[in-house]
Amino acid sequence: MKLITEWTTPLRYKPYHQWSTDYLDLLESVIQKSSWRQAFHIQPKTGLLNDPNGFSFYNGKWHLFYQAYPFGPVHGVKSWYHMVSDNLVDWKQHDYALLPDSPYDSHGVYSGSAITVGEKLFLMYTGNVRDKNWERHSYQLGAWMDSEMQVEKITEALIENPPAGYTEEFRDPQLFRYQDNCLMAIGAQTESGKGAVLVYQSKQLIDWELLGELDYTTEDMGFMVECPNLVFVDNQPVLLFCPQGLDNEITPYQNIYPNMYVIGSAFNKETVSIENTSDLINLDEGFDVYATQAFNAPDGRVLSVGWIGLPEIDYPSFEEGWAHCLSIVKELSIKDQHLYQKPVIEMQELRQHHEVLKGSVQEENLLLSSPDKNVYELKLELDSRASGSLYLFADKQNKEGLKLSYNAKDDTISMDRSKAGIPFGEGYGSIRTASLKKQDKLTLHIFADRSVCEIFVNDGYCVMTSRIFMKDPQQTHIFLQGFEGDYTGDFWTLREMNE
């Protein structure tokens with residue numbers, strides 16, 4: 001038996017029960033040999049992971065679901081897989097929560113969200129159905145999860161059709177409470193082929209009423225808006241969303257599709273608008289973040305998690321039968337009308353061996369060699385004179401690696417993965433550059449995890465995320481090169497996630 005490499009449409013939509021356990025065992029055995037599997041990021045046991053869904057706090061625990069296709073690294077008929085945590089760091093696999101097994105989701109359980117209602121967790125999601133002509137029909141569906149984590153689907157569709165004037169590209173309901181009602185934002189496409197976000201309200205969660213199309217920008221949002229999330233950060237509305245086909249003249253980006261946000265001064269339900277919105281801003285200035293989901297947690301924090309992966313891009317791990325991961329959990333805040341993203345404080349629970357760093361930036365400097373195969377947290381602070389490059393995932397000669405170039409004088413930072421292992425997604429470029437706010441120092445907070453790197457710049461002013469697929473697992477060196485300035489820092493090896 002061999003891994004499937006040619007995926008036809010019938011294979012992608014083959015019912016789950018028709019797959020043999022022998023094939024899943026083969027997939028697992030191949031994946032277990034991978035040097036790209038991660039220590040503390042959520043990743044699929046087999047097959048493909050994409051959008052995070054249902055991020056919530058219920059019955060004393062954090063819950064997170066993700067879209068899954070367990071039989072290969074492709075977008076086949078999707079389900080929701082359920083993860084549970086006590087601390088936002090150690091995520092335990094529970095089980096499949098939603099399977100494509102009803103007339104309303106026979107061709108895929110698509111993205112959605114969750115909200116606590118009394119003693120239960122309410123899930124709302126898009127069901128994908130294809131007719132005999134392979135035309136799509138989208139249903140907005142619901143389910144209830146009880147304290148034993150048993151899920152029961154609501155038998156009828158909550159919203160059977162997109163509203164007049166919109167196409168079947170109608171998906172990704174995101175629930176949030178506002179005043180006395182439960183509201184829902186959902187991605188849509190107008191009949192003229194324009195991306196939009198619609199807002200609904202309900203009192204009983206089964207009686208959804210369309211309020212209208214959300215007004216948050218005067219710009220053309222491409223041909224579709226996916227994964228809209230409206231949260232309230234420091235009492236200000238923040239819309240996270242993924243516009244597909246957005247004109248680069250509106251907001252520069254290089255990824256196939258961007259993950260963006262706008263901040264407003266207030267949300268007006270009567271006019272279905274976010275007032276006094278900011279410009280459109282990239283949520284992540286790196287290569288691989290999409291479909292970020294956020295929610296207002298009961299402890300007062302606004303938490304988010306994203307899919308580290310992109311649609312329509314082939315990743316090297318496809319050859320091993322698996323694809324993608326989720327980001328670490330971030331806490332959102334606003335300062336000077338800019339969204340800051342920081343790793344949640346609970347990430348400190350992973351810390352093990354600690355090393356203090358201090359010195360002057362030199363033309364050639366081996367900062368350190370990670371003893372645990374690129375599973376670490378690194379914090380660096382460089383003074384205002386600093387300019388140069390930090391090399392991660394580097395070989396001994398520093399010929400291969402992920403290059404992070406900084407110039408505190410010009411307030412820019414760039415990430416170059418052209419020599420960081422196996423190339424992929426090259427049609428969208430190998431360098432990403434971000435502009436920074438002027439300040440007295442440059443801070444870098446880095447989480448490396450075997451085949452992924454998340455970099456928080458200047459206390460989360462911007463985030464740069466990249467997958468890295470090293471040819472040699474011994475590429476564990478870190479170099480810091482420059483021409484002037486001093487640095488201080490801390491380095492920790494990190495333990496694996498307790499599953």
Side-chain angles (χ1 to χ4, degrees), residues 37-43 49 52-66 81-94 113-116 121 149 229 231-234 238 240 283-284 289 292-308 325-335 339-355 370 372 374-380 443-450 452-465 489-499:
R37 295 290 281 179
Q38 296 145 12
F40 56 87
H41 283 78
I42 292 174
Q43 59 195 340
L49 164 158
N53 293 300
F55 192 17
S56 53
F57 186 80
Y58 164 68
N59 198 32
K61 294 184 182 295
W62 302 100
H63 296 265
L64 181 57
F65 307 78
Y66 62 80
Y81 197 83
H82 186 190
M83 308 289 290
V84 184
S85 177
D86 292 320
N87 62 0
L88 294 170
V89 172
D90 296 302
W91 291 94
K92 294 179 171 57
Q93 299 182 36
H94 180 63
S113 55
I115 195 168
T116 301
L121 186 69
M149 295 191 285
N229 274 242
V231 291
F232 295 87
V233 181
D234 301 335
V238 177
L240 313 180
L283 188 65
D284 191 289
V289 167
T292 296
Q293 182 163 102
F295 83 109
N296 285 89
D299 62 8
R301 293 183 291 181
V302 182
L303 303 177
S304 75
V305 63
W307 169 29
I308 303 182
C325 63
L326 297 184
S327 73
I328 62 175
V329 179
K330 306 177 180 78
E331 181 178 356
L332 308 182
S333 61
I334 294 174
K335 181 180 179 182
L339 188 69
Y340 282 72
Q341 305 170 74
K342 290 186 178 182
V344 289
I345 192 70
E346 288 89 340
M347 287 298 296
Q348 295 181 12
E349 296 183 28
L350 296 180
R351 291 174 177 173
Q352 293 189 314
H353 172 74
H354 177 221
E355 185 174 344
S370 168
D372 194 23
N374 291 318
V375 181
Y376 61 80
E377 176 184 357
L378 171 63
K379 297 183 79 171
L380 281 178
T443 65
L444 302 174
H445 193 179
I446 298 166
F447 289 85
D449 192 0
R450 294 188 183 134
V452 64
C453 188
E454 299 184 66
I455 301 174
F456 300 81
V457 184
N458 287 352
D459 299 318
Y461 180 85
C462 83
V463 184
M464 307 182 83
T465 302
D490 295 275
F491 175 86
W492 295 269
T493 58
L494 302 180
R495 66 168 172 83
E496 293 200 1
M497 178 194 300
N498 292 325
E499 296 181 307

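Looking at Asp284 and Thr465, their side chains do bring a donor and an acceptor atom within 3.5 Å of each other. A donor-acceptor pair shorter than 3.5 Å can be found between the side chains of Glu377 and His445. With 3.5 Å as the limit, one finds a donor-acceptor pair spanning the side chains of Glu454 and His41.
The CG atom of Leu332 sits 6.5 Å away from the CG atom of Leu240 when rounded to the nearest 0.5 Å. Note: Met347 CE to Asn87 CG = 10.0 Å, rounded to the nearest 0.5 Å. Between the CD atom in Glu349 and the CG atom in Leu494 there is a gap of 12.0 Å [rounded to 0.5 Å]. Between the CD1 atom of Ile42 and the SG atom of Cys325 there is a distance of 9.5 Å, given to the nearest 0.5 Å. Between the CZ atom of Arg351 and the OG1 atom of Thr493 there is a distance of 11.0 Å, given to the nearest 0.5 Å.
Listed for the Asp490 side chain is no donor-acceptor partner under 3.5 Å among the backbone atoms of Leu380. At distances below 3.5 Å, not a single donor-acceptor pair connects side-chain atoms of Ser304 with backbone N or O atoms of Ala294. Ser85 places no side-chain N or O within 3.5 Å of a backbone atom of Trp91 that could act as its donor or acceptor partner.
The nearest pair of heavy atoms linking Phe232 to Val302 is O-CG2, 3.4 Å. Nearest heavy atoms, Thr292 versus Asn229: O-ND2, 3.7 Å. Annotation for Ala39 and Val375: closest pair CB-CG1, 3.7 Å, computed over non-hydrogen atoms. Nearest approach of Phe40 to Met497, heavy atoms of both residues: O-CE, 3.4 Å. Here the closest heavy-atom approach between residue Gln93 and residue Tyr81 is recorded as OE1-OH, 3.3 Å. Shown here for Gln341 and Leu283, the closest heavy-atom pair between the two residues is NE2-O, 2.8 Å.
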Assess whether side chain to side chain contact (heavy atoms under 4.5 Å, CB included) is satisfied between Val289 and Ser327, documenting all intermediate values. CA-CA 8 Å; Val289 167; Ser327 73; 5.6 Å; no

Derivation of the side chain to side chain contact (heavy atoms under 4.5 Å, CB included) call for Val452 and Gln43: CA-CA 11 Å; Val452 64; Gln43 59 195 340; over 6 Å; no

For Glu346 and Arg301, run salt bridge (charged side-chain N to carboxylate O under 4.0 Å, His left out): C-alpha distance rounded to whole Å, both residues' side-chain angles, the deciding distance at 0.1 Å, then the answer. CA-CA 13 Å; Glu346 288 89 340; Arg301 293 183 291 181; 2.9 Å; yes

Go through Arg37 and Glu496 one step at a time and tell me if the salt bridge (charged side-chain N to carboxylate O under 4.0 Å, His left out) criterion holds. CA-CA 11 Å; Arg37 295 290 281 179; Glu496 293 200 1; over 6 Å; no

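Residues passing the side-chain contact (heavy atoms from CB on, under 4.5 Å) test with Ser56, sequence neighbours excluded: His63, Ala114, Leu121.
Between Phe447 and Phe456, the two ring planes are perpendicular [angle over 60°; tilted spans 30° to 60°]. Note: Phe491 and Tyr376 have tilted aromatic rings, judged against thresholds of 30 and 60 degrees for the angle between ring planes. Relative orientation of the Trp62 and Phe295 rings is perpendicular, given thresholds of 30° and 60° on the angle between their planes.
Looking at heavy atoms from C-beta onward, Asn374 lies out of side-chain contact with Asp449 at the 4.5 angstrom threshold. At a threshold of 4.5 Å between non-hydrogen side-chain atoms, the residues Lys379 and Trp492 count as touching. Contact check for Met83 versus Lys92: no side-chain heavy atoms found under the 4.5 Å cut-off. Taking 4.5 Å as the limit, every side-chain heavy atom of Asn53 sits out of range of all side-chain heavy atoms of Leu64. Under the 4.5 Å side-chain criterion, counting only non-hydrogen atoms from C-beta, Val305 is not in contact with Lys330. The shortest distance between side-chain heavy atoms of Lys342 and Asp459 falls below 4.5 Å. Residues Leu303 and Leu88 meet the side-chain proximity criterion, which asks for heavy atoms closer than 4.5 Å. Under the 4.5 Å side-chain criterion, counting only non-hydrogen atoms from C-beta, Val463 is not in contact with Ile455.
Counting non-hydrogen atoms of neighbouring residues, nucleotides and ligands closer than 6.0 angstrom, the NZ atom of Lys335 reaches no more than 12 such neighbours.
Residues Tyr461 and Tyr340 bring their aromatic ring centres within 6.0 Å.
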